[in-house]
Amino acid sequence: MTTTQRITPGRNVGPLTYDELRATGLRDRWYPVLPSRMVGDGEMRKVTRLGKDWLLFRTSRGTLSMLADRCPHRNAPLSAGQHLGDRVMCQYHGVEVDGTGTVRKVPGMPGCALEGKQAAISLEVVEAADTIFAFFPAIPATKAPEFVLPDRLADPQVAYFPNYAEWRTPWRFYLDNVLDPMHGTFLHRQSHSMFAGDTSARFRIRETERGFFFEKTDQVGKNFDWVEFVDHAALHYVDLQIPYGPEGGPGGPFGIVGMVTPITSAESAVFHWRTRRVGGWERDVWRFLYRAALEQKHWAVLEQDRDMLERMAPDADQGEHMYQHDLGVARIRRMYDTAARAQAERILQHAK
Ligand code: FES
Ligand SMILES: [Fe+2]
């Protein structure tokens with residue numbers, strides 16, 4: 001019996017297609033990658049983001065970089081190598097690469113042309129709001145636009161708590177879920193903050209210069225009544241508020257900034273910053289109260305979302321019967337679909 005061997009190109013080969021962009025996320029955007037605290041000085045850590053493997057590498061002096069987890073020599077994972085303080089040494093043949101992706105040493109062949117060459121992919125990174133952000137270009141070596149934090153997080157009067165989780169759900173389902181405020185009234189009915197107000201509503205979309213609001217037409221300030229989707233400076237996020245009664249302690253409404261980063265087509269890294277505008281001694285009261293009483297409750301609410309999304313079939317966004325409450329979901333899907341088509345076309349043109 002004869003066997004034929006089929007040779008298929010590796011997944012890092014060839015221009016990204018529309019389907020791949022939909023599955024693993026749009027490029028030319030800043031994405032949160034990991035909480036800063038998860039890569040200490042002198043540490044390195046492998047992560048998968050947007051369907052590819054990366055190495056987060058922090059020098060012993062604290063400078064952070066993010067490299068494709070592929071050694072420039074023959075693509076062995078750099079993450080299996082050794083941290084040498086200001087560079088990493090590949091375990092396979094000892095090639096040394098620094099944070100810029102430049103080969104510093106080829107010990108097996110000193111003076112080799114690879115030495116001094118910027119041969120590993122290195123992403124632009126920024127650390128802000130206790131989080132590592134990276135810019136993922138559609139076309140290699142595209143310069144990142146300046147990183148701008150969401151207004152709410154940049155406001156010095158705002159105290160925030162970051163929170164990080166990994167969910168076994170496509171990134172698109174995360175966005176569908178947050179663009180659907182009505183689920184708060186049902187899925188989170190048993191929660192501490194989302195039991196108030198009507199169980200039926202009408203919604204509208206209100207366009208803004210940098211995205212849109214999806215909001216109830218006849219209720220505000222009672223429950224999860226609106227959400228804003230923002231696309232600003234190549235960063236996408238959602239912003240929402242949930243009102244708190246006096247038992248919620250001092251400060252203005254409770255805010256959430258949310259972002260999602262695809263890990264693979266089926267898993268997502270989700271980032272939330274729970275915020276409150278509160279200053280002076282009241283800020284200490286709020287921080288104490290949050291840690292002592294509210295944080296657990298928030299995790300419980302988030303777990304309800306995770307549990308529902310993880311139970312949904314991978315094709316759950318096909319063949320639905322949507323109604324008026326799903327306008328926000330339809331709007332965000334259309335937006336990403338159009339953007340993915342345009343981006344795939346641009347990538348293809350560049351590859352020609
Ligand atoms: S593959 Fe890394 S040194 Fe050869
Ligand atoms: Fe929710």
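One-based numbering, in listed order, for ligands and for the atoms of each.
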Quick one: sort the Phe214 and Phe203 rings into parallel, tilted or perpendicular, breaks at 30° and 60°. parallel
Counting each atom of ligand 1 from 1 as listed, which ones have a heavy atom of Cys90 under 4.0 Å away? 1 (S), 2 (Fe), 3 (S)
Any donor-acceptor pair under 3.5 Å linking the side chain of Trp167 with the backbone of Leu309? no
Of all the N, O or S atoms in Asp305, which has the shortest distance to the Fe ion (ligand 2)? OD1
Ring centers of Trp54, Phe136 separated by less than 6.0 Å: yes
Looking at Ala76, which atoms of ligand 1 are within less than 4.0 Å of one of its heavy atoms? 1 (S)
For atom 4 (Fe) of ligand 1, closest protein heavy-atom neighbour: His93 ND1, 1.9 Å
Quick one: which of Glu96, Met89, Arg70, Arg74 has a heavy atom closest to atom 1 (S) of ligand 1? Arg74
Heavy-atom contacts with Val95 under 4.0 Å: which atoms of ligand 1 show up? List them by number with element. 3 (S)
Output field for angle at the Fe ion (ligand 2), His183.NE2 vs His188.NE2, rounded to 10°, should show 100°
Any donor-acceptor pair under 3.5 Å from Thr275 side chain to Tyr160 backbone: no
Assess the residue pair Leu235 and Tyr31 against the criterion (side-chain contact (heavy atoms from CB on, under 4.5 Å)); give the C-alpha distance rounded to whole Å, side-chain angles, the decisive distance to 0.1 Å, and a yes or no. CA-CA 7 Å; Leu235 181 69; Tyr31 282 97; over 6 Å; no
Okay, side chain of His232, backbone of Pro150: is any donor-acceptor separation there less than 3.5 Å? no
Of the N, O or S atoms in His73, the one nearest atom 4 (Fe) of ligand 1: ND1
